[in-house]
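Presented below is the structure to which this report refers.
Each chain gets a letter, A, B and so on, in the order its sequence line appears, and its residues count up from 1.
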There are 2 protein chains.
Amino acid sequence: MKMSISSRFSVGIHILTLIEINKDGVSSSEYLAGSVNTNPAVIRKIMGMLKKAGLIKVQPGIAGAELAKDLSDITLLDVYKAVNVVKDNELFSIHENPNPDCTVGRNIQNTIEPLFFSAQGALEKVLENVTIEDVVKDVFEKEKLHVKR
Amino acid sequence: MKMSISSRFSVGIHILTLIEINKDGVSSSEYLAGSVNTNPAVIRKIMGMLKKAGLIKVQPGIAGAELAKDLSDITLLDVYKAVNVVKDNELFSIHENPNPDCTVGRNIQNTIEPLFFSAQGALEKVLENVTIEDVVKDVFEKEKLHVKR
DNA sequence: CAACTTGTAACTACAATGATTACAGGTAAT
DNA sequence: ATTACCTGTAATCATTGTAGTTACAAGTTG
């Protein structure tokens with residue numbers, strides 16, 4: 001009775017973060033899958049989306065992926081859009097074909113749509129203001145705390 | 001490959017708006033279904049959720065529903081939560097069991113979670129600032145424009 | 001050539017959605 | 001009290017997205 005936005009998004013962030021932190025090593029789909037804890041084919045599928053969106057560089061036959069842009073130039077919104085978790089401007093679905101013979105039926109869609117866009121926009125703006133660089137820094141921050149214990 | 005938040009949300013808003021605009025009439029599930037253009041049982045199911053959340057008054061055997069609160073006291077966030085479209089604080093799903101032997105794996109969840117909460121919070125805040133009263137007014141506004149043409 | 005990789009397709013199990021039918025149980029008017 | 005209507009709810013169904021798995025073609029490197 002309840003849905004969630006696909007974990008492809010969080011996995012996408014994980015992948016990009018790990019590619020950066022492992023930049024001196026080789027980030028193959030198997031390596032990444034080992035950290036995410038899933039199947040390499042799942043990772044390759046998501047990598048394909050990230051590649052298509054111009055976020056990473058990967059080549060058939062050649063092991064490993066690299067970031068295609070600067071760390072600070074990749075926002076979570078970029079990842080969010082790349083992994084196709086939500087239809088463009090359709091985070092909320094509006095019920096189709098309301099009755100045009102009813103005052104509410106013939107106007108509700110036009111009333112609701114901008115409200116939904118606004119809510120969706122607020123969400124996306126937050127994602128736009130966080131970069132993979134921020135994530136990498138925070139992972140290191142958390143790691144320091146972890147080690148101290 | 002893409003998901004949306006259930007239309008139960010938009011239908012819930014439609015229902016509440018129509019109950020208000022039709023307050024001098026009887027808003028039975030069949031009547032409401034006629035405006036939304038769906039099955040009465042679907043409406044009754046959503047009405048059950050709205051009732052459970054204290055937004056409307058309905059009684060078994062008695063035709064029609066009424067708002068249980070003042071128009072201006074029902075926000076879209078109330079409706080959103082009432083119709084159970086999203087797990088609480090889980091709009092985004094995070095991939096489970098990342099590898100604890102990897103710097104990224106053991107920290108990424110704690111890094112990502114607050115970011116997701118923040119994005120979700122921004123979305124909910126927008127919904128919280130719109131009431132059914134606003135929706136009703138806008139429907140009438142749109143209706144006026146419609147008639148003018 | 002051999003051993004590795006990426007890129008995909010095909011298939012699976014599972015869950016949410018939205019519609020539909022059916023019916024138990026409540027209410028009200030004649 | 002019988003009839004006619006309503007709400008509440010369960011069961012079923014087709015469709016779709018998710019996430020994992022296996023398999024393999026095609027590219028690359030030593």
Side-chain angles (χ1 to χ4, degrees), chain A residues 1-12 14-15 19 25-34 36-53 55-66 68 83-87 90-98, chain B residues 1-12 14-15 19 25-34 36-53 55-66 68 83-87 90-98:
Chain A
M1 195 65 101
K2 299 169 182 180
M3 69 102 245
S4 280
I5 289 174
S6 165
S7 68
R8 281 200 304 278
F9 182 28
S10 77
V11 173
H14 188 143
I15 289 173
I19 289 176
V26 176
S27 296
S28 65
S29 64
E30 197 181 338
Y31 171 77
L32 295 169
V36 173
N37 190 23
T38 183
N39 193 291
V42 171
I43 296 293
R44 288 200 290 273
K45 201 170 172 185
I46 298 176
M47 282 172 68
M49 296 177 176
L50 298 174
K51 178 184 180 178
K52 197 175 162 190
L55 302 183
I56 62 174
K57 283 181 284 190
V58 205
Q59 281 173 299
I62 303 179
E66 294 174 27
V83 296
N84 269 300
V85 283
V86 164
K87 289 182 200 167
E90 289 186 36
L91 173 57
F92 298 95
S93 46
I94 295 186
H95 191 275
E96 302 293 315
N97 310 315
Chain B
M1 194 66 105
K2 298 169 182 179
M3 70 101 247
S4 280
I5 289 173
S6 167
S7 68
R8 279 199 305 276
F9 183 29
S10 78
V11 172
H14 188 142
I15 290 173
I19 288 175
V26 176
S27 296
S28 65
S29 64
E30 197 181 336
Y31 171 77
L32 295 169
V36 173
N37 189 23
T38 184
N39 194 291
V42 171
I43 297 293
R44 288 200 291 274
K45 199 169 174 186
I46 297 175
M47 282 171 68
M49 295 177 177
L50 297 174
K51 179 183 181 179
K52 197 174 164 191
L55 303 184
I56 63 175
K57 283 182 284 191
V58 205
Q59 280 173 299
I62 304 180
E66 294 174 29
V83 296
N84 269 301
V85 283
V86 163
K87 289 180 201 167
E90 289 187 34
L91 174 56
F92 298 94
S93 46
I94 295 187
H95 192 276
E96 302 293 314
N97 309 315

Please state how far atom [atom1] in [X] lies from atom [atom2] in [N], giving the value in whole angstrom units.
X	N	atom1	atom2	answer
B/Ile15	C/dG18	CD1	C1'	13 Å
B/Lys45	D/dA10	NZ	P	9 Å
A/Ile62	D/dA26	CD1	P	18 Å
B/Ile56	D/dG8	CD1	P	8 Å
B/Glu30	D/dC5	CD	P	10 Å
B/Phe9	C/dA16	CZ	P	20 Å
A/Met47	C/dT5	CE	P	12 Å
B/Asn97	D/dA19	CG	C1'	14 Å

Below 4.0 Å: OP1/OP2 of [N] and any side-chain N or O of [X]:
X	N	answer
B/Arg8	C/dT17	yes
B/His95	D/dT18	no
B/Ser29	D/dC6	no
B/Lys51	D/dG8	yes
A/Ser7	D/dT18	no
A/Ser93	C/dT17	no

Check your understanding: What is the distance from atom CZ of B/Arg44 to atom NZ of B/Lys51, rounded to the nearest 0.5 Å?
Key -> 12.5 Å
Of all the nucleotides listed ([options]), which has the minimum atom distance to the side chain of [X]?
X	options	result
B/Val58	C/dT5, D/dT7, D/dT18	D/dT7
B/Asn39	D/dT7, D/dG20, C/dT21	C/dT21
B/Val42	C/dA19, C/dG7, D/dT22	C/dA19

Exercise for review: Pick base, sugar-phosphate or nothing for B/Ala41, based on heavy-atom distances below 4.0 Å to the nucleic acid.
Suggested key: base
Check your understanding: So what does A/Lys87 touch, heavy atoms closer than 4.0 Å: a base, only the sugar-phosphate, or nothing?
Key -> nothing
Point to revise | Which residue lies more 5' along DNA chain D, comparing A/Ile5 with B/Gly64 via nearest heavy atoms | key: B/Gly64
Check your understanding: Is A/Val86 close to B/Met3 at the side-chain level, that is, under 4.5 Å between some pair of heavy atoms?
Key -> yes
Revision key, fill the gap. Judged by nearest nucleotide, the residue sitting upstream toward the 5' end of DNA chain C, A/Gly48 or B/Gln59, is A/Gly48
Exercise for review: Could you tell me whether the side chain of A/Arg8 and the main chain of A/Ile46 form a donor-acceptor pair under 3.5 Å?
Suggested key: no
Check your understanding: Is the backbone N or O of B/Ser10 less than 3.5 Å from a side-chain atom of B/Ser7, with the two atoms forming a donor-acceptor pair by type?
Key -> no
Practice item. Go through the steps for A/Leu91 and A/Ile5 under the test side-chain contact (heavy atoms from CB on, under 4.5 Å), then give the verdict. Key: CA-CA 9 Å; A/Leu91 173 57; A/Ile5 289 174; 4.2 Å; yes
Check your understanding: Given the rule in the side-chain contact (heavy atoms from CB on, under 4.5 Å) test, do B/Leu50 and B/Ile15 qualify, once you have shown the distances and angles that lead to the verdict?
Key -> CA-CA 9 Å; B/Leu50 297 174; B/Ile15 290 173; 4.0 Å; yes
